[in-house]
Asks: 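Below you'll find the structure I mean.
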Amino acid sequence: NQILIQENDFQQAYQQLTDAYARCSFTDLLLESGVDVLSTFTKVPIAFAYRSTSPLLTHVTLPNGIVEVGASAFEYCEPLKSIYLPDTVLEIQSAAFGECSNLETIELPKELTYMGSDVFQWCSNLKTVNFRGNQVELIATGAFRACSLLDHVILPDRDTIVGRSA
């Protein structure tokens, strides 16, 4: 029940994901080294999200070398329970994990410098956020908007700009 994407052949990756989605046949997505920017996949995971009656993508593992999680990459992926973000991720763009309602805990990468607006908005079961590093310069507006169970955030030990309603 796993999809493994091993290289930057995005056409093949798109086909793999589309076929698996059509069969509702996977729960884990693993991207190996060599896949460097997830924003290329931005439109693919959104397709999973709109089929919220299927418990599809519950676990995502991103490899070292990923530097950016693109805008809306996993938005509305309600079944998503866990995601591993390697320390090479520098930026998480707007709404990347918005409305991932089963996500409970997130460990943010050591090298993360930027979190776009609404990154985790409406993650209704998100309880704990841990910034592992001290590099974050900006947490944009609404980053944790409507995360009603969020009761524990470990912020970086540095001056960080935090946007309104973050």
Side-chain angles (χ1 to χ4, degrees), residues 1-5 26-33 35 37-39 41-42 44-46 48-158 160-166:
N1 288 0
Q2 244 176 34
I3 287 201
L4 175 63
I5 297 174
F26 73 101
T27 57
D28 296 348
L29 173 62
L30 297 116
L31 303 176
E32 286 196 342
S33 296
V35 181
V37 178
L38 191 62
S39 57
F41 286 103
T42 296
V44 177
I46 291 173
F48 307 139
Y50 292 118
R51 194 157 182 203
S52 60
T53 56
S54 288
L56 293 177
L57 190 60
T58 57
H59 305 285
V60 173
T61 301
L62 302 181
N64 283 328
I66 292 276
V67 296
E68 174 183 308
V69 179
S72 300
F74 296 96
E75 187 175 18
Y76 304 111
C77 191
E78 293 176 12
L80 188 63
K81 291 180 181 180
S82 69
I83 183 157
Y84 171 75
L85 299 173
D87 287 334
T88 55
V89 173
L90 303 174
E91 297 185 1
I92 302 174
Q93 300 300 327
S94 298
F97 301 101
E99 300 195 42
C100 292
S101 59
N102 283 303
L103 192 62
E104 292 183 2
T105 301
I106 187 74
E107 297 263 334
L108 295 168
K110 287 182 181 178
E111 300 302 318
L112 184 68
T113 60
Y114 173 79
M115 287 180 58
S117 62
D118 306 318
V119 170
F120 294 102
Q121 73 171 348
W122 293 99
C123 289
S124 55
N125 282 308
L126 187 62
K127 295 175 186 169
T128 304
V129 176
N130 183 12
F131 290 83
R132 293 191 315 243
N134 289 321
Q135 306 300 317
V136 176
E137 298 168 3
L138 175 65
I139 300 171
T141 301
F144 301 102
R145 179 189 340 262
C147 294
S148 56
L149 296 181
L150 186 60
D151 63 6
H152 195 78
V153 177
I154 301 171
L155 290 171
D157 186 23
R158 69 165 288 159
T160 300
I161 298 170
V162 179
R164 187 180 59 212
S165 300

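Because the structure is a prediction, the values reported are computed rather than measured.
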Asks: Do S124 and S101 pair up side chain to side chain, a donor and an acceptor below 3.5 Å, judged on atom types alone?
Replies: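 Judged by distance alone, the side chains do not pair up.
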Asks: Do F131 and I154 come close enough that some side-chain heavy atom pair is under 4.5 Å?
Replies: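 No - every pair of side-chain heavy atoms lies 4.5 Å or more apart.
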Asks: Say you draw a straight line from OG1 of T105 to NZ of K127; how long is it, rounded to the nearest 0.5 Å?
Replies: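 So the OG1 of T105 and the NZ of K127 are separated by 7.5 Å.
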Asks: Can you tell me how far apart CD1 (I106) and SG (C123) are? Round to the nearest 0.5 Å.
Replies: 9.0 Å
Asks: Looking only at heavy atoms, which two atoms of C147 and L126 are closest? And how far apart?
Replies: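 In terms of heavy atoms, the two residues are closest at SG-CD2, 4.2 Å.
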Asks: Hey, what do you get for CG (D87) to CG (L112), rounding to the nearest 0.5 Å?
Replies: 10.0 Å
Asks: Sort out for me which residue in I139, I92, V136 forms a side-chain contact (heavy atoms from CB on, under 4.5 Å) with L108.
Replies: I92
Asks: Might you confirm whether atom CG of D157 has over 12 heavy atoms from other residues, nucleotides or ligands at distances under 6.0 Å?
Replies: no
Asks: V69 and A96: which non-hydrogen atoms are nearest, and at how many Å?
Replies: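 The pair with the smallest heavy-atom distance is CG1-CB, 3.9 Å.
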Asks: How many angstroms lie between atom CG of L90 and atom NZ of K110, to the nearest 0.5 angstrom?
Replies: 14.5 Å
Asks: With rounding to the nearest 0.5 angstrom, report the CG to NZ distance, L103 to K81.
Replies: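 That separation rounds to 11.5 Å.
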Asks: So, applying ring pair (Phe, Tyr, Trp, His ring centres under 6.0 Å) with F144, which one of F120, W122, F97 is it?
Replies: F120
Asks: Report yes if the side chains of T58 and P79 come closer than 4.5 Å at any heavy-atom pair, otherwise no.
Replies: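 Touching, per the 4.5 Å side-chain cut-off.
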Asks: If only atom types and distance count, is the side chain of N102 paired as donor or acceptor with the main-chain N or O of E78 below 3.5 Å?
Replies: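 Present.
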Asks: Which pair of non-hydrogen atoms, one from A71 and one from Q93, has the smallest distance, and what is that distance?
Replies: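 Taking A71 first and Q93 second, the nearest heavy atoms are N-CB, 3.3 Å.
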Asks: Quick one: closest heavy-atom pair of N130 and E107, and the distance?
Replies: ND2-OE1, 3.3 Å
Asks: Can you name the closest pair of heavy atoms from A95 and E75 and give their distance?
Replies: O-CB, 3.4 Å
Asks: Test your reading of the model: is there a side-chain donor-acceptor pair from S117 to the backbone of A140, 3.5 Å cut-off?
Replies: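 No, the answer is negative, given that no donor and acceptor are paired below the 3.5 Å cut-off.
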Asks: To check you understand the geometry: which heavy-atom pair defines the closest contact between T113 and E91, and what is its length?
Replies: OG1-CG, 4.3 Å
Asks: Taking N134 for its side chain and R158 for its backbone only, find out whether a donor-acceptor pair lies under 3.5 Å.
Replies: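 No, because the side chain of N134 does not come within donor-acceptor range (under 3.5 Å) of the backbone of R158.
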